[in-house]
Asker: 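Right, I'll just put the structure down here and ask away after.
Side chains are part of it too, since the values below use all heavy atoms of this structure and drop only hydrogens, waters and symmetry mates. For clarity, every value in this text was computed on a predicted model and none was experimentally measured.
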Amino acid sequence: MQTDGASPVLSMAGLGKTYGQGRGAVEALGAIDLEIRRGEFVSVVGPSGCGKSTLLKLAGGLEAPSRGTIAREGRPLDGPTRQTGIIFQEHVLFPWLSILENVTMPAEVAGHPAGPARARALELLAMAGLADFAGHRPAQLSGGMKQRAAFCRALIADPGLLLMDEPFGALDALTREELSLDLSRMWQDLGRTALLITHDIEEAILLGDRVLVMSPRPGRILADIPVPLPRPRSVETAALPEFHALKQQIRSIIFSQRSI
């Protein structure tokens, strides 16, 4: 974690979201109070339907809150910003473009010079282990490779905040573990702030500086658990007694809500 004394990259106060009105209204999120500092990697776990993805959409300015406030770098957030990169479960790469063209697309849309954007894209692809596949089309890549390319595309504009909504959910267990470790390495090398939504407790611990545990709908933050495991993390990290203790702590909080 590489925090400083500046304003939080993301701050929420009394943030809530309700869909619909009257008897058909669904309260997705209760009051959320949260601060994420520069350089932190924050993981969010909770039961299905607890509002995790809604939280991410609010953090990205993709939806407006029903109540409360949300700020980005100390300023009210009123919509999407190029300083935020978002990765969803599906890679959404354009099949008719090469991987390099897919990665540079956001920079092209933003009007950035083509030369520096291409150089940065190649650098990111090399970091992601895709240097030899820059000219390939998405159909020629495996699912894990496509998601690596999606990471690179989200990072091409050099965003200060990276939001991820279960980016490994469609991958097999071995691929998602490998990709989790690669993402952890890239995050540490690049020094970005990250918010990860996941249903996988081990993934949340392996990647996060903190793990937020959410309640069933309407989602609230039940616990904010620090992860004091040394970095860089590896496969061996998951075998540490401290890792298993954190996993059991989080599981206990989640499953205790099922009896309420």
Side-chain angles (χ1 to χ4, degrees), residues 1-4 6-13 15 17 32 34-44 52-65 68-94 96-128 130 134 138 146-167 183-184 186-197 207:
M1 181 171 62
Q2 306 158 10
T3 60
D4 56 30
S7 297
V9 171
L10 191 68
S11 59
M12 303 175 180
L15 196 72
K17 180 67 176 181
I32 299 290
L34 173 64
E35 286 191 353
I36 300 178
R37 294 282 174 180
R38 189 179 310 280
E40 281 189 308
F41 196 121
V42 177
S43 302
V44 181
K52 301 187 296 294
S53 293
T54 297
L55 179 65
L56 181 134
K57 291 174 183 176
L58 293 173
L62 301 178
E63 292 189 2
T69 61
I70 180 168
R72 178 83 163 80
E73 303 279 5
R75 298 181 179 180
L77 181 66
D78 56 7
T81 167
R82 290 176 181 168
Q83 290 304 307
T84 299
I86 304 178
I87 303 172
F88 296 102
Q89 183 171 331
E90 296 296 331
H91 56 77
V92 200
L93 299 175
F94 296 110
W96 59 88
L97 297 178
S98 70
I99 295 304
L100 178 60
E101 290 168 335
N102 267 286
V103 173
T104 57
M105 175 63 75
E108 179 181 333
V109 171
H112 295 166
R118 186 177 189 279
R120 179 56 173 163
L122 290 171
E123 180 183 0
L124 289 169
L125 288 170
M127 292 179 67
L130 294 176
K146 291 174 186 176
Q147 202 63 319
R148 291 172 193 269
F151 291 148
C152 296
R153 183 178 58 186
L155 292 167
I156 188 66
D158 201 27
L161 175 64
L162 185 62
L163 304 177
M164 294 167 282
D165 191 4
E166 302 202 28
L183 173 60
S184 179
M186 289 183 70
W187 166 80
Q188 193 165 11
D189 289 345
L190 294 170
R192 296 295 176 264
T193 308
L195 177 66
L196 169 71
I197 304 299
L207 288 168

Asker: I'd like to check I86 versus L56 (side-chain heavy atoms, cut-off strictly below 4.5 Å). Are they in contact?
Answerer: yes

Asker: Look up atom CG in L55 and atom NZ in K17, then write down how far apart they are to the nearest 0.5 Å.
Answerer: 12.5 Å

Asker: To the nearest 0.5 angstrom, please state how far the CG atom of D165 sits from the OG atom of S53.
Answerer: 3.5 Å

Asker: Assess the side chains of R72 and T84: does a donor N or O sit below 3.5 Å from an acceptor N or O?
Answerer: yes

Asker: Evaluate side chain to side chain contact (heavy atoms under 4.5 Å, CB included) for V103 paired with L122, printing each intermediate quantity in order.
Answerer: CA-CA 9 Å; V103 173; L122 290 171; over 6 Å; no

Asker: Before giving the answer on side chain to side chain contact (heavy atoms under 4.5 Å, CB included), spell out for E73 and V9 the whole-Å C-alpha distance, their side-chain angles and the decisive distance to 0.1 Å.
Answerer: CA-CA 5 Å; E73 303 279 5; V9 171; 4.0 Å; yes

Asker: To the nearest 0.5 Å, how far apart are CD in E123 and CG in L155?
Answerer: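 Rounded to the nearest 0.5 Å, the CD-CG separation comes to 11.0 Å.
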
Asker: Please report the shortest heavy-atom distance between L77 and G61, naming the atom on each side.
Answerer: CD2-N, 3.8 Å

Asker: Do the side chain of R153 and the main chain of P106 share a donor and acceptor less than 3.5 angstrom apart?
Answerer: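 Side chain of R153 to backbone of P106: no pair is present.
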
Asker: Locate the shortest heavy-atom distance separating A59 from L195; write the atom from each residue and the value.
Answerer: CB-CD2, 4.2 Å

Asker: Does F94 offer a backbone N or O that forms a donor-acceptor pair with the side chain of N102 under 3.5 Å?
Answerer: yes

Asker: Partners of R148 by salt bridge (charged side-chain N to carboxylate O under 4.0 Å, His left out), sequence neighbours excluded?
Answerer: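 R148 satisfies salt bridge (charged side-chain N to carboxylate O under 4.0 Å, His left out) with E178, D182 only.
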
Asker: Which value, rounded to the nearest 0.5 Å, describes the distance between D158 atom CG and Q83 atom CD?
Answerer: 7.5 Å

Asker: What are the two closest heavy atoms between F41 and M164, and how far apart are they?
Answerer: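 Closest approach of F41 to M164: CZ-CE, 3.6 Å.
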
Asker: Any idea which heavy atoms bring A154 and L162 closest together, and the distance?
Answerer: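 For A154 and L162, the tightest heavy-atom pair comes out as CB-CD1, 3.9 Å.
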
Asker: Quick one, M12 and T69 - any side-chain contact, counting heavy atoms below 4.5 Å?
Answerer: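 No, side chains not in contact.
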
Asker: Measure the shortest side-chain to side-chain distance between I156 and H112 over non-hydrogen atoms and say whether it is less than 4.5 angstrom.
Answerer: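 They are not in side-chain contact.
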
Asker: For L125 and I99, what are the C-alpha separation, side-chain angles and deciding distance, and is it a side chain to side chain contact (heavy atoms under 4.5 Å, CB included)?
Answerer: CA-CA 9 Å; L125 288 170; I99 295 304; 3.8 Å; yes

Asker: When rounded to the nearest 0.5 angstrom, what is the spacing between CG in L62 and OG1 in T54?
Answerer: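 So the CG of L62 and the OG1 of T54 are separated by 11.0 Å.
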
Asker: Might you point out which heavy atoms bring L130 and A149 nearest each other, and give the distance in Å?
Answerer: CD1-N, 3.6 Å

Asker: Would you mind reporting whether T193 and L10 have side-chain heavy atoms less than 4.5 Å apart?
Answerer: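 Contact flag for L10/T193 side chains = no.
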
Asker: Work out which heavy atom in S11 is nearest to a heavy atom in E35; give both atom names and the distance.
Answerer: CB-CG, 4.1 Å

Asker: CZ/R118 to CD/E101 distance, rounded to the nearest 0.5 angstrom?
Answerer: 9.5 Å

